[in-house]
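Taking it in order: structure first as structure tokens, then the write-up.
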Amino acid sequence: MATSGKYVPGSVESRFVAGKLDFETALGEIVGDRIGRDDLAQILHVIAERAALSPVAAPLSGHDAQILADAGFVGDRVASSSAAVSRDLQMRELMRTALSVSEAAERLGVTPGRVRQRITAHTLWAFRSGRNQLLPAVQFTEEGTVPHLERIAPLLPRDLHPLALQSLLTLPRAELPVDGEPTSIVGWLAAGAGAPEDIAAVEAVIAAALWESA
């Protein structure tokens, strides 16, 4: 069993293990948002689905477990469940901060119909949540969209999971330096990269990332 000594004193993990925080409060502190029982029920549902697809198997030897871990396979059910919870929380945050079609239209100063046209033309990125279309906030600034986004948005494959697309746009890339530091695609564009060679660099990053994930 984990003890509070394994974690940084005063951290959420340490206070939770010591019994100073309940799980809902601890999870809320980590994600920076209030977590209710309905939210926890959804997370438990995700874990239950994964458990149903991954029946309990005989434990691996330490040697075999290390080989699988080195190869990128996670056999620890706690780690696997933690990964599922993390993905679920990330998706909740992506949806919470995304703009509706009407909100995007107001931000851009256009009609909702024009926003839908841009979604169809793949110059804006949207994904479906039920019957609604949501536009992730990462592609917007306070005044409109990230500069030159319409030039690279058509390259983003729409069959990728929204979290994968979010990572593609927001993870720092060594190939896109700003002041000598790796920068994300949106950061690169926001910093003023708009020359043909700049856009070509973004296109190369997208192509490489998609090749690596294939």
Side-chain angles (χ1 to χ4, degrees), residues 30-33 39 42-43 45-46 49-50 72 74 80 82-108 110 112 114-178 181-194 196 198-214:
I30 288 175
V31 302
D33 192 14
D39 299 316
Q42 293 178 28
I43 293 171
H45 179 67
V46 172
E49 286 186 328
R50 288 183 63 86
V74 179
S80 180
S82 296
V85 170
S86 176
R87 285 191 296 274
D88 187 63
L89 291 173
Q90 290 176 52
M91 193 63 198
R92 285 182 67 251
E93 182 65 10
L94 182 64
M95 295 173 66
R96 184 185 71 82
T97 58
L99 279 65
S100 67
V101 169
S102 296
E103 290 169 336
E106 183 177 355
R107 178 76 60 91
L108 300 178
V110 299
R114 176 55 183 154
V115 170
R116 293 189 185 94
Q117 287 178 347
R118 291 195 58 180
I119 293 172
T120 301
H122 291 178
T123 60
L124 282 175
W125 164 37
F127 64 91
R128 288 203 169 273
S129 176
R131 299 178 61 183
N132 300 317
Q133 288 182 305
L134 297 177
L135 296 92
V138 67
Q139 61 196 319
F140 295 96
T141 65
E142 292 297 325
E143 296 78 25
T145 57
V146 171
H148 312 293
L149 176 74
E150 71 281 356
R151 297 168 65 182
I152 62 100
L155 303 175
L156 304 175
R158 293 321 194 256
D159 57 347
L160 277 185
H161 190 279
L163 289 179
L165 271 179
Q166 177 87 349
S167 295
L168 179 59
L169 291 173
T170 59
L171 287 179
R173 307 281 176 176
E175 304 94 322
L176 305 175
V178 172
E181 295 294 329
T183 309
S184 67
I185 290 176
V186 291
W188 173 260
L189 296 174
D198 296 332
I199 302 302
V202 174
E203 292 174 349
V205 166
I206 293 174
L210 295 180
W211 184 84
E212 291 172 0
S213 64

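If you read the sequence from its start, that first residue is 1, and numbering goes on from there.
With sequence neighbours excluded, no residue forms a side-chain hydrogen bond (donor to acceptor under 3.5 Å, both in side chains) with Arg116. Residues satisfying the side-chain hydrogen bond (donor to acceptor under 3.5 Å, both in side chains) test with Arg107, not counting sequence neighbours, are none. With sequence neighbours excluded, the residues satisfying side chain to side chain contact (heavy atoms under 4.5 Å, CB included) with Thr145 are Leu108, Arg118, Leu124, Phe140, Leu149. With sequence neighbours excluded, no residue forms a salt bridge (charged side-chain N to carboxylate O under 4.0 Å, His left out) with Arg151. Scanning for side-chain hydrogen bond (donor to acceptor under 3.5 Å, both in side chains) contacts around Arg114 gives Gln117, with sequence neighbours left out. Residues forming a salt bridge (charged side-chain N to carboxylate O under 4.0 Å, His left out) with Glu93 (at least two apart in sequence, or on another chain): Arg96. Considering only residues two or more places apart in sequence or on other chains, Glu203 meets the side-chain hydrogen bond (donor to acceptor under 3.5 Å, both in side chains) condition with none of them.
Between Pro147 and Ala190, the shortest heavy-atom contact is CD-CA, 4.1 Å. Considering all non-hydrogen atoms of both residues, Val178 and Ala191 come closest at CG2-CB, 4.1 Å. Here the closest non-hydrogen pair linking Ala98 and Glu103 is O-OE1, 4.0 Å. Of all non-hydrogen atoms in Ile119 and Ala126, the two that sit nearest each other are CD1-CB, 3.7 Å. Minimum heavy-atom separation, Gly194 to Ile199: O-CG1, 4.0 Å. Scanning both residues, Pro112 and Val101, for their nearest heavy atoms gives O-CG1, 3.7 Å.
From Trp188, atom CH2 reaches atom NE2 of His148 across 11.5 Å, with rounding to the nearest 0.5 Å. The distance from atom CG of Leu160 to atom CG of Leu210, rounded to the nearest 0.5 Å, is 6.0 Å. Distance check: Ile152 CD1 to Trp125 CH2 gives 10.5 Å after rounding to the nearest 0.5 Å. Note that the CG atom of Asp198 and the CG atom of Leu176 stand 9.0 Å from one another [nearest 0.5 Å]. The structure places CG of Leu99 at 8.5 Å from CD of Gln139, a figure rounded to the nearest 0.5 Å.
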CA sep, side-chain torsions, deciding dist, call: Leu155, Val202, side chain to side chain contact (heavy atoms under 4.5 Å, CB included): CA-CA 10 Å; Leu155 303 175; Val202 174; 5.9 Å; no
Evaluate the side chain to side chain contact (heavy atoms under 4.5 Å, CB included) criterion for residues His161 and Phe127: first the C-alpha distance (whole Å), next the side-chain angles of each, then the deciding distance (0.1 Å), finally the verdict. CA-CA 9 Å; His161 190 279; Phe127 64 91; over 6 Å; no
Donor-acceptor pairs under 3.5 angstrom involving side-chain atoms of residues 164-173: please list them, not counting sequence neighbours.
| unit_1 | atom_1 | unit_2 | atom_2 | d |
| --- | --- | --- | --- | --- |
| Ser167 | OG | Leu163 | O | 3.1 |
| Thr170 | OG1 | Gln166 | O | 2.7 |

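Although no hydrogens or angles enter the test, the distance criterion places no donor-acceptor pair under 3.5 Å between the side chain of Ser129 and the main chain of Asn132.
Applying the salt bridge (Lys or Arg N to Asp or Glu O under 4.0 Å) definition to pairs two or more places apart or across chains, none involves residues 120-147.
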